[in-house]
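Notes follow once the structure below has been shown.
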Amino acid sequence: MERYNFKEVEEKWQKSWDDTNAFSTKLDKNKKKFYCLEMFPYPSGKIHMGHVRNYTIGDVLSRYKSLKGFNVLHPMGWDAFGMPAENAARDNNLDPKEWTNSNIITMKNQLKKLGLSIDWEREISTCSEDYYKHQQTFFLELLKKGLVYRKENYVNWDPIDETVLANEQVIDGRGWRSGAIVERKKLSQWFFKISKFSQDLLDGLETLNAWPNKVKTMQKNWIGKSFGCEIDFKINGDLPVNKIRCFTTRPDTLFGFSFLALSVDHEVSKYFLENEDFIKFKEECSKTGTTEEAIAVGEKIGFKTNLKAVNPLKPEEEVPVYFANFVLMDYGFGAVFGCPAHDQRDFDFAKKYKLNIKTVVAPFGKEESYTVIDEAYPGPGVLINSDFLNGLEAPSKSVDETIKILEKRNLGKRKVNYRLKDWGVSRQRYWGCPIPIMYDENGDSHPIPESFLPVKLPENINLKVKGNPLDNEENWKYISVDGKKYTRETDTLDTFVCSSWYYLRFCSPNESKYGFKNDEIDYWMPVDQYIGGVEHAILHLLYSRFFMRAINYRNENFNITEPFQSLFTQGMVCHETYKDNKNNWLSPDQVEKVGNKYFLKGNKNEIVKVGPSESMSKSKKNVIDPEHIIESYGADSVRLFILSDSPPEKDVQWSEQGMVSSYKFIQKLWALHKIIKSKLLDEKKDTFDENIEKFTNQTISKITSNLEKFNYNVIIANMYETYNYLINYLKNNKNMSNLENNYKKILICFSPVIPHFSSECLYEIGISNYKWPEYDEKLIQDDKIKIVIQINGKKRALLDVEKGIEKSELLEIVRKDKNLEKYLVEKEIKKVIFVENRLMNILLNE
RNA sequence: GCCCUCGUGGUGAAAUUGGUAGACACAAAGGACUUAAAAUCCUUGCCCUUUUGGGAGUGCCAGUUCGAGUCUGGCCGAGGGCACCA
């Protein structure tokens with residue numbers, strides 16, 4: 001038997017697709033469009049299994065939609081700015097641009113070997129001037145619209161390298177390269193006013209019906225709308241501070257007020273800048289990281305002032321005012337009203353500083369005797385110990401009621417607050433899009449004039465400097481405009497900015513004047529299906545949604561608010577982890593499995609420790625190189641395997657055995673193909689066979705609906721079922737006249753998953769132009785069905801009956817059935833539940 | 001710590017969306033073919049019964065229902081996100 005030569009076949013078809021630009025797309029208003037987009041990759045060096053999975057999922061969909069007659073846009077590009085290039089370049093004395101571009105070439109070749117139906121004529125790279133120059137235009141447009149501003153913000157500062165660190169570069173509070181203890185430091189930075197659109201971004205979520213609920217919930221929580229009240233607390237003390245404004249969602253617990261906590265950056269802090277203890281305290285606070293997690297987990301510490309805050313509902317009561325490390329200047333007004341009995345964080349703080357803990361909410365039914373002792377009670381209940389508020393249901397009625405009282409007495413104001421912070425886009429790095437701004441001698445910022453745009457990144461620069469490399473480029477740093485000398489902005493833009501609009505660029509990749517053409521985005525946008533990792537659920541997706549609104553804002557020609565119509569978040573590719581006896585990570589190809597035990601390859605004496613299966617990552621060495629796998633088994637086998645084992649939205653375990661079985665399956669399909677082909681050549685074809693007709697229609701129906709629902713793993717099962725059916729069927733059947741037509745349809749159904757194999761087989765039976773097959777609804781129905789008979793809810797029989805059988809008729813059959821007789825004899829039937837074509841449940845009087 | 005998601009055989013999973021739990025595959029055991037091995041094919045798969053058959057069973061505990069993997073509440077466990085990785 002001739003074996004299937006995947007190498008030859010795959011190369012042949014890939015070349016043919018390349019030569020004919022088979023997947024290049026043009027705007028065609030007569031055709032319905034389908035824009036399929038997968039999150040574009042960072043060109044880190046080689047593609048990894050996560051890419052294989054992501055792009056296979058998108059490719060299956062694109063090929064299917066294309067066969068369905070859509071004008072499919074399926075582009076690919078490179079998210080090419082970012083830290084890894086800068087680090088690799090710095091460590092190996094390379095140019096980030098060369099490093100990036102050579103990675104792009106490698107990865108593009110690897111993607112082509114997967115047989116993806118990509119329109120490579122639309123390839124873009126965010127680090128090319130052609131791309132980032134438009135981004136500078138957008139930046140200046142947004143600046144003009146008042147959506148960009150400058151403010152001070154904290155960063156992770158490495159005092160040895162004199163550089164800003166990303167959160168991931170801070171390991172256990174120390175800089176990853178220098179080992180210095182990382183400090184919080186304030187820097188003046190550029191911000192996008194995403195908070196202006198808080199409500200709009202929240203409302204927009206309601207329209208995204210084809211997004212996973214979990215992503216919508218995450219974004220909703222991220223935006224963090226809360227209803228509450230702003231309260232001005234009267235302040236007594238020896239400083240010229242009369243009042244401090246607070247936002248709270250629980251004004252109803254004011255009678256449990258026991259301290260007021262301020263951020264160390266609160267304006268009141270200006271009176272403490274000469275206080276040595278306060279300075280020390282502030283330094284102590286700066287050691288807590290900048291992440292929310294670090295603040296939440298870290299110890300709560302405070303600095304007591306001699307100020308007192310007055311309880312607005314009980315003017316005779318004064319409580320101390322503290323500075324505290326857990327209060328953020330970004331949220332509310334940088335001041336928190338502390339009610340320890342009903343907030344765990346406040347409770348911990350109060351315990352530590354021995355402050356009053358007064359219970360003001362009791363769970364329902366415990367109004368008489370309830371007191372908070374060991375932990376805060378944040379749940380619902382009834383207000384107690386609260387004077388005129390007593391008895392109100394908390395928080396459902398009490399919050400609203402309290403706000404009314406505060407408003408009436410002019411002590412507070414109803415307010416909606418959002419957690420969403422403005423987007424800081426300044427990065428103190430070289431390898432990013434330059435921010436088109438310059439500063440005059442007073443330090444005031446000005447847009448770079450149009451005639452000086454784009455601002456190009458300087459080349460051949462020294463990356464091994466302290467601080468920001470661009471800041472050290474004396475030849476680049478200064479610009480002279482109209483005879484006046486300016487200093488350039490040396491920060492570059494966050495790479496999330498690049499990925500916030502790239503999907504527009506794919507619509508007009510060659511437009512040179514502006515980032516996109518209106519008629520092209522009008523046709524192609526929105527993206528019909530966006531596919532990527534759930535790790536982008538919040539930031540990238542929210543930033544993109546913001547970016548569309550920002551361009552839309554005061555722009556009559558731009559009508560997009562939601563860029564991604566449907567979203568699919570795929571799971572990760574996981575593999576077991578291995579360690580040797582010195583606890584060093586081992587890669588799977590260093591490990592050998594004998595029986596149930598794992599050994600170091602070539603050394604049966606050293607047992608390898610097997611760890612849990614985790615997302616493939618270089619640091620844990622549990623990676624499988626897709627290129628190597630494609631070479632050994634072929635692209636179709638890899639595509640088949642990566643889809644087969646788990647639903648695409650869940651994590652999948654990489655398994656060599658699973659991979660081999662996919663490979664074998666293709667070989668079996670090839671053998672089947674040869675049998676069918678020989679039957680087709682046989683001239684005696686006199687019988688028309690209904691069975692295969694019916695089977696084919698059922699298969700088309702199943703695969704079509706599973707494609708629509710992203711049940712790609714089930715499609716693979718459908719493919720196995722199809723093989724199992726056909727191989728048995730052909731054993732027992734002579735030649736039939738309708739074999740070719742049915743086989744053709746089956747091959748087309750397989751083609752989105754295994755395009756090379758299917759193309760070759762279709763070609764071999766002489767078919768080159770084809771569409772997605774339709775199925776006949778009448779043909780997929782069975783006349784005979786199996787119906788479940790339950791007695792008192794327990795399954796007792798499975799009966800073969802005519803489809804559509806009536807309740808009374810079925811009951812007669814049941815009564816006569818020998819196996820069921822014993823249950824029914826001498827019993828009275830109380831009730832019969834009948835679900836047509838499904839089941840009958842007979843309830844007996846016991 | 002906060003937010004989100006997910007728990008079904010030895011393993012990955014399927015289940016017409018409240019109606020036959022375990023499709024399809026991997027692994028294992030037994031068998032067939034073979035001098036032998038590989039490859040391939042067949043059978044088996046929790047407990048009781050020789051069989052027919054019966055029982056338990058979808059992380060744990062309750063609840064709703066004629067009926068729960070699916071709905072509700074509580075608990076336990078795993079994973080993801082937490083604003084400068086992309």
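Fair warning: this is a prediction, and the values are worked out from it, not measured in the lab. Every chain is numbered from 1, with letters handed out A, B, ... down the list of sequences.
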Toward the 5' end of RNA chain B, which comes first, A:Phe81 or A:Leu420, by nearest nucleotide?
A:Leu420

Considering every strand and a 4.0 Å limit on heavy-atom distances, what is the contact class for A:Asn841: base, sugar-phosphate, or nothing?
base

Counting any heavy atom closer than 4.0 Å, what does A:Ser426 reach on the DNA or RNA strands: base, sugar-phosphate only, or nothing?
base

State whether the number of non-hydrogen atoms from other residues, nucleotides or ligands found under 6.0 Å of A:Lys786 atom NZ is greater than 12.
no

Complement of B:U8, any strand, by Watson-Crick or G-U distances under 3.5 angstrom
none

Who pairs with B:G19 - Watson-Crick or G-U, where each distance is under 3.5 Å
B:C66

Per the glycosidic torsion and the 90° limit around 0, nucleotide B:G74 is anti

Quick note, A:Val788 side chain, CB onward, closest among B:C84, B:U20, B:U5 is B:U20

Taking atom NZ of A:Lys830 as the centre, does the number of heavy atoms from other residues, nucleotides or ligands within less than 6.0 Å exceed 12?
no

For B:A56, does either OP1 or OP2 sit under 4.0 Å from a side-chain N or O belonging to A:Lys794?
yes

Under-3.5 Å donor-acceptor pair between A:Asn221 side chain and B:C3 base
no

For A:Lys214, which contact category applies under a 4.0 Å heavy-atom criterion: base, sugar-phosphate, or nothing?
sugar-phosphate

Would you mind classifying the nucleic acid contact of A:Leu843 as base, sugar-phosphate or nothing, using non-hydrogen atoms under 4.0 angstrom?
sugar-phosphate

Do any N or O atoms of the protein come closer than 3.5 Å to N or O atoms of nucleotides 21-30 of chain B, and which pairs are they?
{"from": "B:A23", "atom 1": "O2'", "to": "A:Glu721", "atom 2": "OE2", "distance (Å)": "3.1"}
{"from": "B:A25", "atom 1": "OP1", "to": "A:Asn724", "atom 2": "ND2", "distance (Å)": "3.0"}

With a 6.0 Å cut-off (strictly less than), is the heavy-atom count around NZ of A:Lys46, excluding the residue itself, greater than 12?
no

Parallel, tilted or perpendicular: rings of A:Tyr4 and A:Trp670 (30°, 60°):
tilted

Quick one: does A:Glu293 reach the base of B:C2 with a side-chain donor-acceptor pair under 3.5 Å?
no

Looking across every strand, which nucleic acid part, if any, lies under 4.0 Å from A:Val155 by heavy atom: base, sugar-phosphate, or nothing?
base

Counting only Watson-Crick pairs (N1-N3 plus N6-O4 or O6-N4) and G-U wobbles (N1-O2, O6-N3), all under 3.5 Å, who is the partner of B:C84?
none

Pick the P atom in B:A68 and in B:G18, then give their distance to the nearest Å.
14 Å

Rounded distance in Å between the C1' positions of B:U34 and B:A25
28 Å

For B:U20, does the O4'-C1'-N9-C4 (purine) or O4'-C1'-N1-C2 (pyrimidine) torsion place it in syn, i.e. within 90° of 0, or in anti?
anti

For A:Trp222, answer base if it contacts any base atom (sugar-phosphate contacts may also be present), sugar-phosphate if it contacts only those atoms, and nothing otherwise; contact means non-hydrogen atoms under 4.0 Å.
base

Classify A:Gln428 by what it touches in the nucleic acid, base, sugar-phosphate, or nothing, heavy-atom distance under 4.0 Å.
base

Quick one: look up who B:G57 pairs with, Watson-Crick or G-U, both distances under 3.5 Å, and put none if it's unpaired.
none

Phosphate OP1/OP2 of B:A86: any A:Tyr502 side-chain N/O under 4.0 Å:
no

Pick base, sugar-phosphate or nothing for A:Glu86, based on heavy-atom distances below 4.0 Å to the nucleic acid.
nothing

Who pairs with B:G30 - Watson-Crick or G-U, where each distance is under 3.5 Å
B:C42

Assuming nearest nucleotide by heavy-atom distance, tell me which of A:Gly793 and A:Arg427 is located more 5' along RNA chain B.
A:Gly793

Check whether any side-chain nitrogen or oxygen of A:Arg796 sits under 4.0 Å from OP1 or OP2 of B:G55, and answer yes or no.
yes

Side chain to side chain donor-acceptor pair (under 3.5 Å) with A:Asp348: which of A:Lys352, A:Lys351, A:Arg345, A:Gln344?
A:Gln344

For A:Ser646 versus A:Asn713, what's the shortest heavy-atom pair and its separation?
O-CB, 3.5 Å

Starting from the C-alpha separation in whole Å, work towards a yes-or-no answer on side-chain contact (heavy atoms from CB on, under 4.5 Å) for A:Trp431 and A:Thr492.
CA-CA 8 Å; A:Trp431 193 234; A:Thr492 51; over 6 Å; no

At under 4.0 Å between heavy atoms, what does A:Pro84 touch on the DNA or RNA strands: base, sugar-phosphate, or nothing?
nothing

Contact class for A:Tyr823 vs. all strands (heavy atom < 4.0 Å): base, sugar-phosphate, or nothing?
sugar-phosphate

Which atom of A:Gly533 lies closest to which atom of A:Met39, heavy atoms considered:
N-SD, 3.7 Å

Working note: A:Glu489 + A:Arg150, criterion salt bridge (charged side-chain N to carboxylate O under 4.0 Å, His left out); need CA distance, chi angles, decisive distance, verdict.
CA-CA 12 Å; A:Glu489 170 61 79; A:Arg150 231 168 124 70; 3.5 Å; yes

